[in-house]
Amino acid sequence: MEKYLPKHVAIIMDGNGRWAKQHNHPRVFGHREGMKAIKDTVSATLKKGIPFLSLFAFSTENWNRPKSEIKFLLKLLDNALSNKLITDLNKRHITFHWVGFKENLPAKLVTKINKVEHDTAHNQHKLTLNICFNYGGMQDILQAAKLVKKQTTLAQFEKMLLTKNTPAVDLLIRTGNEKRISNFLLFQSAYAEIIFESTFWPQYNHISYYNNIQEYTQRQRRYGGIKNE
């Protein structure tokens, strides 16, 4: 079998609330524990030498959740976007990229997002970390379509998406035992290999991640063609 690593891994981090409920905790406890899984996965991505990682943290549809939960998630993100994070990202040569719509986010939060993006933009792209928050695939395609001119090529269209300068998704992982992609990177995942994990996100770790990558390396990617058998 052909052995190769993905250049771009995208993960739908699902199952925080259900994991918390199983452990008799409120849903927000699961979100806090999920932050640990993010740190573990980022470290594992660096060790593998995978240059792009996209994490789906909050969709445009998640605004329909209880206001208390949304407030907690915004606060969790606000606390995470600190000077300490910038120092850590720069130390590990990680470029932070926000993928999502900023219009309806608190102004203070947008300021922090912009600062982390700006202060890590100079890194040599050992890893580009895309945090997909307030993101929707259909909405992304729609906003790009509004920028389209006559005779636009696929390559030009890709540059209009929120993920511009990020390659197509090679491997899409969803945790939480759900088998759908939930409006995540629809255009970018056209030929992605997909793995649905039964593990809830707070339980996901570098071992789970390496197992998923190993499964990916065993697959043959044809892109609609035929490979010699």
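Because only heavy atoms are used, hydrogens play no part in the values below, and waters and symmetry mates are left out as well, while side chains stay in. Only a predicted model underlies this, so the values are computations on that prediction, with no experimental measurement involved. Sequence positions, counted from 1, serve as the residue numbers for this chain.
- Classified by interplanar angle (parallel below 30°, tilted 30° to 60°, perpendicular above 60°), the ring pair Y216/Y4 is perpendicular.
- Ring planes of F58 and F133: parallel class, angle under 30° (limits at 30 and 60°).
- Closest approach of I12 to L172, counting heavy atoms only: CG1-CD1, 4.2 Å.
- Side chains of N90 and D119: a donor-acceptor N/O pair is absent below 3.5 angstrom, by distance only.
- Here the closest non-hydrogen pair linking F72 and V28 is CE2-O, 3.4 Å.
- Counting only distance, with no hydrogens or angles, the side chain of E158 and the backbone of T166 share no donor-acceptor pair below 3.5 Å.
- Here the options are T60, N104, N62, the test is side chain to side chain donor-acceptor pair (under 3.5 Å), and the partner is N134; only N104 passes.
- Using a 4.5 Å heavy-atom cutoff, the side chains of N16 and P202 are in contact.
- Shown here for W201 and I38, the closest heavy-atom pair between the two residues is CZ2-N, 3.7 Å.
- Closest of all the heavy-atom pairs between E178 and D14 is CG-OD2, 3.3 Å.
- Under the 3.5 Å distance criterion, the side-chain polar atoms of S59 are matched with a main-chain donor or acceptor of E61.
- Of the possible donor and acceptor atoms, none in the side chain of T152 sits under 3.5 Å from a partner among the backbone N and O of F157.
- Between the side chains of N130 and Y135, no donor-acceptor pair is found at a separation under 3.5 Å.
- For the pair N165 and K159, the minimum side-chain heavy-atom distance is below 4.5 Å.
- Residue H118 places its NE2 atom among 12 or fewer non-hydrogen atoms of other residues, nucleotides or ligands, all under 6.0 Å distant.
- Ring orientation note: the planes of F29 and W19 are close to parallel, at an angle under 30° on the 30°/60° scale.
- The main-chain N or O of N205 is never found under 3.5 Å from a side-chain atom of D40 such that the two would form a donor-acceptor pair.
- Nearest heavy atoms, I11 versus V9: CG1-CG1, 4.0 Å.
- Minimum heavy-atom separation, A20 to G30: CB-N, 3.7 Å.
- Atom OH of Y210 has more than 12 neighbouring heavy atoms from other residues, nucleotides or ligands inside a 6.0 Å radius.
- For NZ of K102, the number of neighbouring non-hydrogen atoms (other residues, nucleotides, ligands) closer than 6.0 Å is greater than 12.
- A side-chain donor from one of N183 and Q139 sits under 3.5 Å from a side-chain acceptor of the other.
- Atom CD1 of I173 is separated from atom CD1 of I213 by 6.5 Å, given to the nearest 0.5 angstrom.
- No donor-acceptor pair under 3.5 Å is formed between the side chain of H206 and the backbone N or O of A44.
- One finds a salt bridge joining D88 and R92 here, because a Lys/Arg side-chain nitrogen approaches an Asp/Glu carboxylate oxygen to under 4.0 Å.
- In terms of the ring-ring contact (aromatic ring centres under 6.0 Å, His included) criterion, H93 has no residue partners (sequence neighbours excluded).
- E69 places no side-chain N or O within 3.5 Å of a backbone atom of P66 that could act as its donor or acceptor partner.
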